[in-house]
Structures are given as structure tokens and as C-alpha cells.
Amino acid sequence: MISNCPHCQGALTFNAAQSAKIEQALKALKPGKRLPLKCPHCKKPMQLDAAGQVGGVAGAVPTKAPEKAAEKKPEKKAVETADTEASTLKPPPPPPLDFLDEKQGGIMDDHHVRDVPTALLLHGDDGIRHQLASAMEALGYQVVTLTSPEEAIAQVASVSFASILFHTDFEGGPLSESIFHNYMRDMVMARRRMIFYILMGPQFTTLYDIQALANSANLVISDDDFKNFQLVLHKAIPYYEQLFGPLLEELSNYGK
């Protein structure tokens, strides 16, 4: 895997969840194709080959590869090596939440906050649901709240929601048996990747990517941090777009 940006030479570090998503995308590459990523330091794009390198060598200046450059056997070997290394990695600790102590003033002035039209909010507590809805509206969302999983599924089937927040106790049973959550997990990927799916519950650690990945979500939030929801969402969405925005754009170009 590439370790330095070929433009600014800045160090590229990925946590276990990010590495897993990138490895998955690399496995899906067709021969001769490359995976686009953006440097978090200089913001310039780079393209990775099936081995996770730029131009075949980490940190090298990218060059246009011929269509027959990628061979199936070396690619398979690189993927197997990456899988072996990933299986020995220990999950990273949850991220620090020091930023939750910061003042929330001026959040709407940040250019990273995207203007999305509609969000679906599914929470069984009326008071908390009202506070979460107010926080999402302050970030530019038009919020829809519903009280049953059947209504929620019907709405998602007919409306293009940019974000969905689902509390694990919304249906009163285990998350693994949730009608709505399993509907989201089984959703066609071409549509699912366009939805920022948020899970909230007492079993989660806020912003812990490993838990989000394990539960087919984009973000997890602990019940203890619901009062800081606006600040958490303000931090999570730009991070997600910065890391995976170029990948999603490239997949969209290929109609996937």
C-alpha cells in the first residue's frame, strides 16, 4: 500500500476500517484500471493500481499504464498478501473525542458542511428526536420523522434520502432482528452508497469506524453523545467525503 503522497510526499495513514474499504475497492478493479484517491495534505488526486501503488512504486510519479499492464496472477498475490496482513492486525482504539468540548458556534460557516435536502430520523424518544431533528436542520437538512419501520421502508423506497439516522431501540428488539436495519443492509449497493447511514445506541462508541463497518453503517454514535450530535455530524461527513468522495465519483462514472 502506498505510504507517501507522490505530489507533496506527505505521509498517508489509514486506520483498519479505511484500509479494509480501500483493499475491497482494489480487489474490484478491472485489468488496466486504477483507483482514484485524494491526498489529505495537498488535496491533489492520485491513482492506485491493483497492488495499491502509484505507478507501481509507492510515492512514484503517476504514469498512464497500458491496458494490458495488470496481470491476474500478480494482482491475486498482492490481494492475498494484504488479506494475510489484515487478519493479523488488531482493531485500533476508538478516536479521541476532545473536539466535543469545543464550542459549536460558527459550524454553519464551514464550507465542508454540504447542503443535503432530506434526512430520515428514526428515534423512539420524542424529546431526543426533537433535539436531533433541530441539530440536523441547523446543518441544512430537511428532516422527516416517522414512528414505524414499515412507514420508514415505504418512505426510503420512494424518496432519495441523503442521510438516515436509526436508533437501535426504535423497534424494541435486537438490532440483528430489526426490520428496517436489515432492509438497509440488503439494499442494492448502487443506491446504498448514496445514503449516509447513522446508527445510534448505547452499545456504540462515537465515531468508531470498526463498529460502523461491522454494522454496515457510515457512522455510529453513543447515546451519551446525542447532545453533541450536531458537532459529531459536522466532523464525520467532511471526513467521509474527503476519503471516499473520489472513489464514489469514479464508481458513479462507471455506473456502479
Side-chain angles (χ1 to χ4, degrees), residues 1 14-30 33-40 43 45-50 52 79 82 86 112-122 136 139-144 149 152-168 175-176 178-200 204 206-221 232-256:
M1 179 70 68
F14 307 101
N15 61 32
Q18 296 163 359
S19 297
K21 291 181 180 179
I22 294 174
E23 290 292 348
Q24 183 179 5
L26 291 174
K27 290 179 184 179
L29 285 178
K30 295 182 179 180
K33 300 297 182 181
R34 292 176 179 270
L35 177 68
L37 286 180
K38 185 181 294 183
C39 174
K43 310 300 182 184
M46 65 189 81
Q47 294 189 348
L48 305 185
D49 59 19
V79 171
H112 287 302
V113 178
R114 62 178 186 176
D115 183 21
V116 291
T118 313
L120 177 62
L121 177 55
L122 304 174
M136 297 189 84
L139 290 174
Y141 288 94
Q142 296 178 359
V143 181
V144 175
I153 290 174
Q155 280 288 302
V156 173
S158 59
V159 178
S160 296
F161 288 102
S163 182
I164 296 175
L165 186 150
F166 179 78
H167 193 276
T168 55
L175 183 62
S176 60
S178 164
I179 297 173
F180 183 81
H181 179 63
N182 285 319
Y183 169 78
M184 291 297 297
R185 293 185 63 181
D186 296 337
M187 183 179 291
V188 176
M189 186 52 64
R191 188 175 183 208
R192 169 63 184 86
R193 69 166 59 99
M194 305 308 295
I195 300 173
F196 193 80
Y197 185 41
I198 306 166
L199 286 176
M200 177 177 285
F204 298 129
T206 299
L207 291 172
Y208 197 12
D209 289 339
I210 294 297
Q211 288 182 332
L213 184 64
N215 289 278
S216 303
N218 300 101
L219 172 67
V220 292
I221 301 177
V232 171
L233 197 60
H234 171 258
K235 182 179 180 68
I237 290 182
Y239 175 76
Y240 176 80
E241 290 182 335
Q242 177 181 332
L243 186 61
F244 296 107
L247 173 59
L248 294 177
E249 182 179 354
E250 188 70 13
L251 290 174
S252 177
N253 292 337
Y254 281 96
K256 296 183 177 181

For [X] and [Y], work out which heavy atoms get closest and say how close.
| X | Y | result |
| --- | --- | --- |
| Phe161 | Leu120 | CD2-N, 3.6 Å |
| Val220 | Tyr208 | CG2-O, 3.5 Å |
| Ser163 | Ile198 | OG-CD1, 3.7 Å |

Worksheet item: What do the steps show when you test Tyr141 against Leu165 for side-chain contact (heavy atoms from CB on, under 4.5 Å), and what is the final call?
Response: CA-CA 12 Å; Tyr141 288 94; Leu165 186 150; over 6 Å; no
So [Y] and [X], do their side chains get closer than 4.5 Å, heavy atoms only?
| X | Y | result |
| --- | --- | --- |
| Tyr183 | Pro149 | no |
| Leu207 | Leu219 | yes |
| Arg192 | Asn218 | yes |

Fill in: side chain to side chain donor-acceptor pair (under 3.5 Å) partners for Arg191, two or more places apart
none
Discussion item. By the definition side-chain contact (heavy atoms from CB on, under 4.5 Å), identify the one residue from Thr168, Leu175, Asp186, Leu122 that meets it with His181.
Written reply: Leu175
Worksheet item: Of the options Ile164, Asn215, Ile153, which is the one that meets Met184 in a side-chain contact (heavy atoms from CB on, under 4.5 Å)?
Response: Ile164
